[in-house]
There are 4 protein chains.
Amino acid sequence: MTASSNGSDPENLRRRILDTARHLLVQEGYQNLSMRRIADAIGYSATSIYLYFDSKDALLHTLIHEGMMRLHDRLEAAAAQHPDRPEARLQALCRAFVQFGLHNPEYYEIMFQLRPERMERYPPDKYRQARKNLDAFAAALKAGAAEGAFVVTDPRVAASTVWASLHGTVSLLLADRVDARIAPDTFIDTAIRQVMQGFRHTPAPSAP
Amino acid sequence: MTASSNGSDPENLRRRILDTARHLLVQEGYQNLSMRRIADAIGYSATSIYLYFDSKDALLHTLIHEGMMRLHDRLEAAAAQHPDRPEARLQALCRAFVQFGLHNPEYYEIMFQLRPERMERYPPDKYRQARKNLDAFAAALKAGAAEGAFVVTDPRVAASTVWASLHGTVSLLLADRVDARIAPDTFIDTAIRQVMQGFRHTPAPSAP
Amino acid sequence: MTASSNGSDPENLRRRILDTARHLLVQEGYQNLSMRRIADAIGYSATSIYLYFDSKDALLHTLIHEGMMRLHDRLEAAAAQHPDRPEARLQALCRAFVQFGLHNPEYYEIMFQLRPERMERYPPDKYRQARKNLDAFAAALKAGAAEGAFVVTDPRVAASTVWASLHGTVSLLLADRVDARIAPDTFIDTAIRQVMQGFRHTPAPSAP
Amino acid sequence: MTASSNGSDPENLRRRILDTARHLLVQEGYQNLSMRRIADAIGYSATSIYLYFDSKDALLHTLIHEGMMRLHDRLEAAAAQHPDRPEARLQALCRAFVQFGLHNPEYYEIMFQLRPERMERYPPDKYRQARKNLDAFAAALKAGAAEGAFVVTDPRVAASTVWASLHGTVSLLLADRVDARIAPDTFIDTAIRQVMQGFRHTPAPSAP
DNA sequence: CATGAATGAGAGTTCATTCAT
DNA sequence: GATGAATGAACTCTCATTCAT
């Protein structure tokens, strides 16, 4: 008889709590995510959750951290596809970011849409690490500028505005706020094309 | 002595409820906005609010509607500044949108950051009207394309992606998620420049 | 039909909450006094208590304050019986204090046996007023010393030690810690006689 | 290498549980003393405590018993200092009692300030033994009366009232309820002097 | 027009304790 | 001898809402 035969080997429940929290997050929304609901969903008492997490905050912070790591992986993988072509690399990063958001709405929600008050309690060291996700964008922009493909004054600022555009794109899609007559793929493609175009050279605006 | 001299004419209280709700929204955040708190803030009983609004949802929907109208006004005013120059008009629209978000964080929060579940209950007719705010962007893009300043396939789609970028920009700023080392104005200017550039002509990418 | 016909006129419930809290306090002990239990005892929902008291602390502080006032009354009445005879006055005060404690064990418990942590939150102004209860003892001692009946160095200190003795007496009786073979009245009389004797003149201890 | 060298010989953990409970008692207060906290403080699981104590009550009762024994030792030692001089002996006993209380607030709290409900469950045989601590006082009073130094009707009663006074003194000091302007030593000295004086001869109060 | 009274549901969290291993 | 897993009951407190007046 193995430990897993009763479905309750140690790390398993912790994992189930996290997963259930994620699912509830996307199903019921952050506002309706409560310890009791999580407990009910996994068929355990609310008390049990506290065996694995010190508090609701700790649980959420764990989810945020997981999401950050996962996003980090996705971005690294995307960047690795085009080590020598900054432009293609930036595009891959954008696409990877959007895909991550759409495929992991739960993670996305707590990572980027948590109200500032909750975020304040997020451990600073983890927060700093999260910021690193922007570096991939900045690096691609800098490299692109170096080889003359992009016009970029400050890569850090440019990376932030790129992020802003992508974030807006994902947010609206997740919130179902995009005109229903527009196909999501069209929306995404257009958004990314617009972002890419945003740093390209342009001929002087045609004088009248 | 008029009815309004003692501050209790009919419409007055309704107005105060709405205004107080807005202020609480920005001060305490959406999560902490409760009927009781609104009532306490205006010095009336919680019950009184129900004389003017059927439910908390109804109150929020009214606020959303007001915000949509206000945004509509701002965008119209911005568009009117440059009736003949689509490019300048688009830029003015972008700037107006961002300014609206930053100057009216309460409205912005409930208008664009409310969870979908709440939004589902938003009356469809009002919702449709809200969509119209996008039309100003679409019109400017279409006009710009007509005179050859922009490359735009579908103005409606392009308007949506513009909106997405602006929404991301405002969201990150309001949530205090932008790198503290970047000045807000720099961030905004860069974001808008990037959006504008996103639809300009470009020389064909140099083929290898 | 009068307001009280359904047993729920306004101030009535507040009064019942306080009284019920007092009774539970002596029946179940401070540790087991909960908002729910109070609510259950009066047949109302727990929420209702919060209509009359901001918090559990506020409720307890109200009880403490009431107790202090009541004790104050008792002491004043006792002192008034012997305005001109300090010795008799002191004795009356002692007796009044002990009687108050034994007749109002609930008040006594929260007034004098509340752990310091809870007491810290007691409003300072009310606390200061509570201290005044000691003044009656100090005054009697001072007056007695003035006419040569007592030997008292510092009336404030002496009042405190008198209070200590009485407090110990009441505490042990309430906690049922006095040897069951000793009649309570005997115990009380002896205790008070001992206190009174504590400040009288004494001939030099008889040399061998 | 002995069994105790790794800090885990049988009786050791039991001892550590008791000691830790005592320390937590004085640091955090009785209300905040929980099995979990004790376990955490010693680095063992909460379950382990139940290997040595049947329940929280049993643990507390053990502590109470220990305290009683310890107090007994202190009082015996004090009494032994003045075997032939009852008056000095009584004073030494008083001082020893107060010192014990102030130096062992943890013990004192559970020994004398535990609510009656908890006390009811205290095993009767241990309780009876606890009573013996009063005997030392009674003996000194009796001896003093025998040699004419004290006026004592019933030594058992007198011992109880002495105890009451001392208990009040210690209680107020521990609860920080003594006027901050009075130095603790002054308070203690005055209290003890008052107690001693309480049994001395007095000239008949001058009749008018 | 406005309120006071009242509530059920639910929030996060802590507790002493049990049981199988 | 010691533990990890688990729980039911309890805690204070907040919420949107209803109803009679």
Side-chain angles (χ1 to χ4, degrees), chain A residues 1 3 6 8-14 31-40 43-59, chain B residues 3 8-10 12-14 31-39 43-59, chain C residues 1 3 6 8-14 31-40 43-59, chain D residues 3 8-10 12-14 31-39 43-59:
Chain A
M1 209 205 283
N6 60 358
S8 70
D9 69 290
E11 277 311 285
N12 208 6
L13 185 51
R14 190 186 142 91
Q31 300 242 46
N32 299 320
L33 180 70
S34 80
M35 299 301 255
R36 276 225 229 305
R37 269 159 119 107
I38 298 173
D40 285 351
Y44 279 76
S45 78
T47 316
S48 293
I49 301 184
Y50 287 89
L51 294 176
Y52 300 92
F53 300 95
D54 282 344
S55 65
K56 191 183 182 184
D57 263 20
L59 199 170
Chain B
S8 68
D9 72 289
N12 207 7
L13 184 49
R14 187 169 196 276
Q31 300 244 44
N32 299 322
L33 179 71
S34 78
M35 300 298 255
R36 176 67 55 97
R37 270 155 122 109
I38 297 173
Y44 278 75
S45 81
T47 321
S48 297
I49 302 184
Y50 287 88
L51 295 175
Y52 298 93
F53 301 95
D54 282 345
S55 65
K56 193 184 180 185
D57 264 18
L59 199 170
Chain C
M1 210 204 278
N6 60 358
S8 68
D9 69 289
E11 277 312 285
N12 209 6
L13 185 50
R14 189 186 143 92
Q31 300 243 46
N32 300 320
L33 180 70
S34 79
M35 299 300 254
R36 269 225 237 303
R37 270 158 119 107
I38 298 172
D40 286 351
Y44 280 77
S45 78
T47 316
S48 293
I49 302 183
Y50 287 88
L51 294 175
Y52 300 91
F53 300 94
D54 282 344
S55 65
K56 191 182 182 183
D57 263 20
L59 198 169
Chain D
S8 69
D9 73 289
N12 208 7
L13 184 51
R14 187 172 197 276
Q31 300 244 43
N32 299 320
L33 180 70
S34 79
M35 301 298 255
R36 176 67 54 100
R37 268 156 122 110
I38 297 174
Y44 278 75
S45 80
T47 322
S48 298
I49 301 182
Y50 287 88
L51 295 175
Y52 298 93
F53 302 95
D54 283 345
S55 65
K56 192 183 181 184
D57 263 18
L59 198 169

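Values below: all heavy atoms of this structure, side chains included; hydrogens, waters and symmetry mates excluded. Chain letters run A, B, ... following the sequence lines, proteins first, then strands; residues in each count from 1.
The minimum heavy-atom distance linking C:R36 with C:A46 is given by the pair CG-CB, 4.2 Å. Among all heavy-atom pairs drawn from A:I49 and A:M35, the shortest one is CD1-O, 3.3 Å.
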Next on the checklist: Pairs counted only when both distances fall under 3.5 Å, Watson-Crick or G-U: show me the 5' to 3' dot-bracket for DNA chain E, [ ] for pseudoknotted crossings and | for other-strand partners.
Outcome noted: .||||||||||||||||||||

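Using a 4.5 Å heavy-atom cutoff, the side chains of B:Y52 and B:L13 are in contact.
The CG-P distance, from D:N12 to F:dG1, rounds to 14 Å in whole Å. A straight line from CG of C:D40 to C1' of F:dA10 spans 12 Å, rounded to a whole angstrom. The distance between atom CG of C:L59 and atom P of F:dC11, rounded to the nearest whole Å, is 14 Å. The separation between B:I38 atom CD1 and E:dA2 atom P is 16 Å, rounded to whole Å.
Listed pair B:Y52 / E:dA2 meets the phosphate criterion, a side-chain N or O lying under 4.0 Å from OP1 or OP2. Of the side-chain N and O atoms in B:S45, one or more sit less than 4.0 angstrom from OP1 or OP2 of E:dT3.
Mapping B:L51 and C:I49 onto DNA chain E via the closest heavy atom, the residue that lands nearer the 5' end is B:L51.
Atom-to-atom distance recorded for A:I38:CD1 and A:S48:OG is 12.5 Å, nearest 0.5 angstrom.
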Checklist outcome for this item: Per-nucleotide protein contact along nucleotides 13-20 of chain E, 5' to 3', at a 4.0 Å heavy-atom cut-off (B base, S sugar-phosphate only, - neither), is BBBSBBB-

